Q: 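Take this structure first; my questions come after.
First the proteins, then the strands, lettered A, B, ... as listed; each starts at 1. Values below: all heavy atoms of this structure, side chains included; hydrogens, waters and symmetry mates excluded. Since the structure is predicted, the reported quantities are computational estimates derived from the model, not experimental observations.
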Amino acid sequence: MKNRLKVLRAERDWSQAELAGRLDVSRQAVNAIETGKYDPSLPLAFRIGRLFEMPIEEIFDDEHHGG
Amino acid sequence: MMNITVDKRGTGRDGREADQRLWTLGRVAGWVAATSAVIAVAGVAMGLLAARLDHGTGAHPWRERILLAVPLVVTAIIGGAALLALRRSWPRRPGPDAGEWQHRAAARARRTATVWMGAVAAIAITAIAVPTAAWAGTDTPAGIGLLAIGLVTGVVGLVWGTVRYMRVIDDHERRANLYCGYAGLSTYVILFFVQMLARKVIDLPRMDDAIFLVTSLVAGITFCIVRFR
């Protein structure tokens, strides 16, 4: 699943470690999400949405959704 | 002045002081665990070699003594490197100017490290106590006591460590555990049936130790790849 996490993080000038600390996950988890190797669970996706004050669908792009 | 808020994990001022006490306890537990693990590995290696020499494979006394020292030296080198790595990688206490996220990240890393160290310490104590009990003889009070301590510590440590571990890790690490368990189980089942079929066709000795070793390696490597890549 594609996502805008890296862009959103860069806009705030946060490191992966800082974002991981704010989300209470490991730095490797943030890296895995950013590179698309791992899709976060629903609770983590909600935490990400709350942190960036955005709806989940504006951060994550469901490629399988035909529209 | 840094604004400190108290959350449910207890990272506020009161929680911070408790955290700092835990820093020291966690570090001590880490050193005890690592040192015990090194001693356990050395003891097991020397015990195995001594058992082999007792069966008459050693031709010269001086050679036996040198051979007995080899595992100790190798373990000391590996253990020294492991202790150095532990000292360098142990989660650092955030400085006074650190933000709240840094305290949260450090507390999270420390919780995980402490659980790992606790589990390693429990395994190490078991690995020391059980062979020592066998050496002392299970028909003596000391042997029975050591055996009981070793088994109880191992079981309680592993159960406690697993429960605590699954509570402190994040989704990503939980997924790594899932993959690691699946890879380990698949490896074990495949190798077990290969051995069973091979033993029916040819006169092959049982290779349970090798299967255990390969299964552990596959599980460990899978965990590291998924968790740290």
Q: Just how far is it from atom CH2 of B/W101 to atom CG of A/L19, taken to the nearest 0.5 Å?
A: 9.5 Å
Q: Can you give me the closest heavy-atom contact between A/S26 and B/D170, atom names plus distance?
A: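 Shortest heavy-atom separation between A/S26 and B/D170 comes out as N-OD2, 2.8 Å.
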Q: Does the B/D171 side chain pair with the main chain of A/P40, one donor and one acceptor, at a distance under 3.5 Å?
A: no
Q: How close do A/R22 and B/R104 get, counting heavy atoms only, and between which atoms?
A: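 Taking A/R22 first and B/R104 second, the nearest heavy atoms are O-NH2, 4.3 Å.
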Q: NE2 of B/H172 to CG of A/N31: how many Å apart, nearest 0.5 Å?
A: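 It is 8.0 Å, given to the nearest 0.5 Å.
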Q: Would you find more than 12 non-hydrogen atoms of other residues, nucleotides or ligands less than 6.0 Å from B/F212 atom CZ?
A: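 No.
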Q: Taking side chain as everything from C-beta outward and backbone as N, CA, C, O, which of these in B/R174 sits under 4.5 Å from a heavy atom of chain A? Side chain, backbone, both or neither.
A: neither
Q: Which pair of heavy atoms, one from A/Q28 and one from B/R227, lies closest together, and at what distance?
A: OE1-NH1, 3.1 Å
Q: Return the minimal non-hydrogen interatomic distance between B/A105 and A/G21, and the atom names on each side.
A: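 Looking at all heavy atoms of both residues, the closest pair is CB-CA, 3.8 Å.
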